[in-house]
Amino acid sequence: GIKIVTIGGGSSYTPELVEGFIKRYDELPIRELWLVDIPEGQEKLNIVGALAKRMVEKAGLPIEVHLTLDRRAALKDADFVTTQFRVGLLDARAKDERIPLKYGVIGQETNGPGGLFKGLRTIPVILEICKDIEELCPDAWLINFTNPAGMVTEAVLRYSNIRKVVGLCNVPIGMRMGIAKALDVDASRVQVDFAGLNHMVYGLNVYLDGVSVLPQVVEAMADPSNAMTMKNISGLSWEPDFLRGLGVIPCGYHRYYYKTSEMLAEELEAAETKGTRAEVVKQVEKELFELYKDPNLAIKPPQLEKRGGAYYSDAACNLINSIYNDKRDIQPVNTRNNGAIASIEDDSAVEVNCVITKEGPKPIAVGDLPVAVRGLVQQIKSFERVAAEAAVTGDYNKALLAMTINPLVPTDKIAKEILDEMLEAHKEYLPQF
Ligand code: NAD
Ligand code: G6P
Ligand code: MN
Ligand code: MN
């Protein structure tokens, strides 16, 4: 039987994961699921863990669900370790979103200053987890969902001894689903050539039944009635002629780069009225955990769709299933580039279509990215690398460098002001500085 350990098990997304494992039980016989959290998450862990147990029981499957705050005990002999934790919880995310706004800069949990700080808080923790994996379950696969997933994967590749690591995101699946909906066809008929970085991924081509339909998809995206975005990103419409010029399919997060001032205006307005995304998510979570407490509930409630993580479990469970069963199907994941994208170093993490084998993802070569997007992708990769180095070393100058080279931050002076305020605000979770 398979042993899975989920770190950050108290997440409201856990029922999604459990549902995915239940659906695939015949192919993926999981014997033990260990949900791990920290004392601050104990209450959530107990509620969501009890729901997970009811779900498994209702399905009549012999999956043991264990809840623990002892990460090391859980990790012993694991086959797969999935990570979905949030260092500093939603209060830290709210700071990541609000502080940059004061300086006229995008406040977002995985982009700009917020992405930098989420990385600075998260990377030391993931590297500790890597050390535990090395010692307690050296053959396990680490499947990381924790954001910023691209920067975190980069840090694991560069600063740990773990090689069996895959970074995952639901954005590519969401894009494929959105495209299928816009074309009004079943998603199984749509294939997308994904390449780029996490939250900076492009669809380089799109196929319907194997035939390219890229121009039709560009036109569909240019139609303002097709927002093609996720619950957490405003669906501001694209300038149709810009999309026609770009000629590839951007992801929802590209709005922060190509529509920076419009997105900033939306964020400022939201911060004044309904609150930032973290503040909205706090409310959604409250509602979800009230539902989860119901002893008669034994399924994933539809209200979970209010979160941005739609298809999260499909991404995770399909990946684990294909590794376990050596399926050799194609999935977009974050992995070591190995030359797949010509303009990115071999040893950096990229998000690209891969053949998923029992030895892990084999990235499919795409050559160079189109010249119009190559520079931005490289710039974000430089940002991620410098940020990861700052997270590991606690070097202030490197942190300032990362902040300044981020395309969403206009000047070195503003970068320093934001950096200083955020270092102070988050100091409890930044022992390295
Ligand atoms: P959450 O706020 O519910 O946090 C999940 C759990 O992590 C909490 O119960 C918390 O107590 C726990 N936690 C915090 N620090 C921990 C630590 N050091 N060790 C173990 N557990 C710890 O968060 P969420 O909204 O469920 O999201 C979890 C993470 O997954 C975030 O980093 C989020 O950005 C990411 N996420 C990524 C994707 C993706 O596409 N890659 C999709 C959804 C969520
Ligand atoms: C998308 C992204 C995730 C991100 C999530 C935020 O799914 O791919 O990486 O964590 O949105 O959703 P939330 O509901 O927390 O705002
Ligand atoms: Mn993501
Ligand atoms: Mn800049």
Side-chain angles (χ1 to χ4, degrees), residues 83 87 96 105-106 108-130 142 144-163 165-169 171 195-202 251 253-254 256-257 333-352 361 363 366 368-369 373-409 412 415-416 418-419 422-423 430 432-433:
T83 43
V87 179
D96 286 344
V105 172
I106 294 286
Q108 212 282 323
E109 71 163 338
T110 63
N111 290 267
L116 170 60
F117 270 80
K118 190 160 165 58
L120 297 179
R121 296 192 300 275
T122 303
I123 287 169
V125 176
I126 198 84
L127 294 179
E128 285 302 312
I129 292 170
C130 287
L142 169 58
N144 176 63
F145 255 103
T146 308
N147 276 315
M151 194 194 291
V152 168
T153 307
E154 183 80 23
V156 170
L157 290 174
R158 284 186 190 277
Y159 301 104
S160 86
N161 297 321
I162 300 299
R163 287 297 154 269
V165 56
V166 189
L168 261 191
C169 177
V171 160
L197 307 178
N198 182 236
H199 293 187
M200 172 67 35
V201 74
Y202 294 89
C251 76
Y253 287 92
H254 281 114
Y256 293 111
Y257 298 88
V333 299
N334 289 267
T335 190
R336 192 180 190 275
N337 183 32
N338 286 344
I341 300 178
S343 34
I344 300 288
E345 299 86 338
D346 286 358
D347 57 353
S348 272
V350 293
E351 188 165 287
V352 68
V366 296
D368 248 330
L369 294 173
V373 306
R374 190 183 303 162
L376 177 58
V377 170
Q378 285 180 327
Q379 186 68 10
I380 292 297
K381 181 44 70 185
S382 297
F383 161 72
E384 289 180 351
R385 280 190 62 173
V386 177
E389 190 183 348
V392 170
T393 58
D395 181 329
Y396 177 90
N397 297 344
K398 289 279 189 260
L400 179 57
L401 181 63
M403 181 78 89
T404 306
I405 66 175
N406 187 284
L408 300 180
V409 178
D412 57 349
K416 186 171 166 60
I418 300 176
L419 180 68
M422 291 181 83
L423 280 173
L430 297 171
Q432 74 273 47
F433 282 92

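We number each residue from 1, following the sequence as shown. Here the structure is a predicted model, which means the values were calculated and not measured.
Considering OG1 of Thr153 and CG of Asn144, their distance stands at 5.5 Å, rounded to 0.5 Å. A distance of 4.5 Å separates CG of Leu419 from OH of Tyr396, quoted to the nearest 0.5 Å. To the nearest 0.5 angstrom, Arg374 atom CZ is 10.5 Å from Ile344 atom CD1. Between Ile162 atom CD1 and Leu157 atom CG the span is 11.0 Å, to the nearest 0.5 Å. A distance of 11.5 Å separates CD of Gln378 from CZ of Arg385, quoted to the nearest 0.5 Å. Going from atom CG of Leu168 over to atom OG1 of Thr335 covers 10.5 Å, rounded to the nearest 0.5 Å.
A donor-acceptor pair shorter than 3.5 Å can be found between the side chains of Asp368 and Ser343.
With contacts defined as side-chain heavy-atom distances shorter than 4.5 Å, the pair Phe433/Leu120 qualifies. Side-chain contact check for Asp96 versus Met422: some heavy-atom pair is nearer than 4.5 Å. Using a 4.5 Å heavy-atom cutoff, the side chains of Thr122 and Asn147 are not in contact. For the pair Phe383/Leu197, no side-chain contact is recorded, criterion being any heavy-atom separation below 4.5 Å from C-beta on. No side-chain heavy atom of Val392 sits less than 4.5 Å from a side-chain heavy atom of Gln432. Considering only heavy atoms from C-beta on, Pro148 stays 4.5 Å or farther from His199 through its side chain. Annotation: side chain of Asn337 is not in contact with side chain of Glu345 (no heavy-atom distance under 4.5 Å). For the pair Asp395 and Glu389, the minimum side-chain heavy-atom distance is 4.5 Å or more.
Electrostatic pairing of Lys381 and Glu154 counts as a salt bridge here, judged by a charged N lying under 4.0 Å from a carboxylate O.
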_Trace of the side chain to side chain contact (heavy atoms under 4.5 Å, CB included) decision for Tyr202 with Val377_ = CA-CA 10 Å; Tyr202 294 89; Val377 170; 3.8 Å; yes
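Of the possible donor and acceptor atoms, none in the side chain of Arg336 sits under 3.5 Å from a partner among the backbone N and O of Ser348. Between the Thr404 side chain and the Ala415 main chain, no donor and acceptor come within less than 3.5 Å of each other.
The minimum heavy-atom distance between His254 and Cys251, with the atom names listed, is ND1-N, 2.8 Å. Ala391 and Gly119 make their closest contact through CB-O, 4.1 Å (heavy atoms, listed as atom of the first residue, atom of the second, distance). Closest non-hydrogen pair, Ala402 versus Val386, comes out as N-CG1, 3.8 Å. The two residues Gly196 and Val201 have their closest heavy-atom pair at N-CG2, 4.1 Å. Closest approach of Ala390 and Ala399 over heavy atoms only: CB-N, 3.6 Å. Scanning all heavy atoms of the two residues, the minimum distance from Leu127 to Val156 falls at CD2-CA, 4.3 Å.
Between Tyr256 and Tyr253, the ring planes lie tilted relative to each other; the angle falls in the 30° to 60° range.
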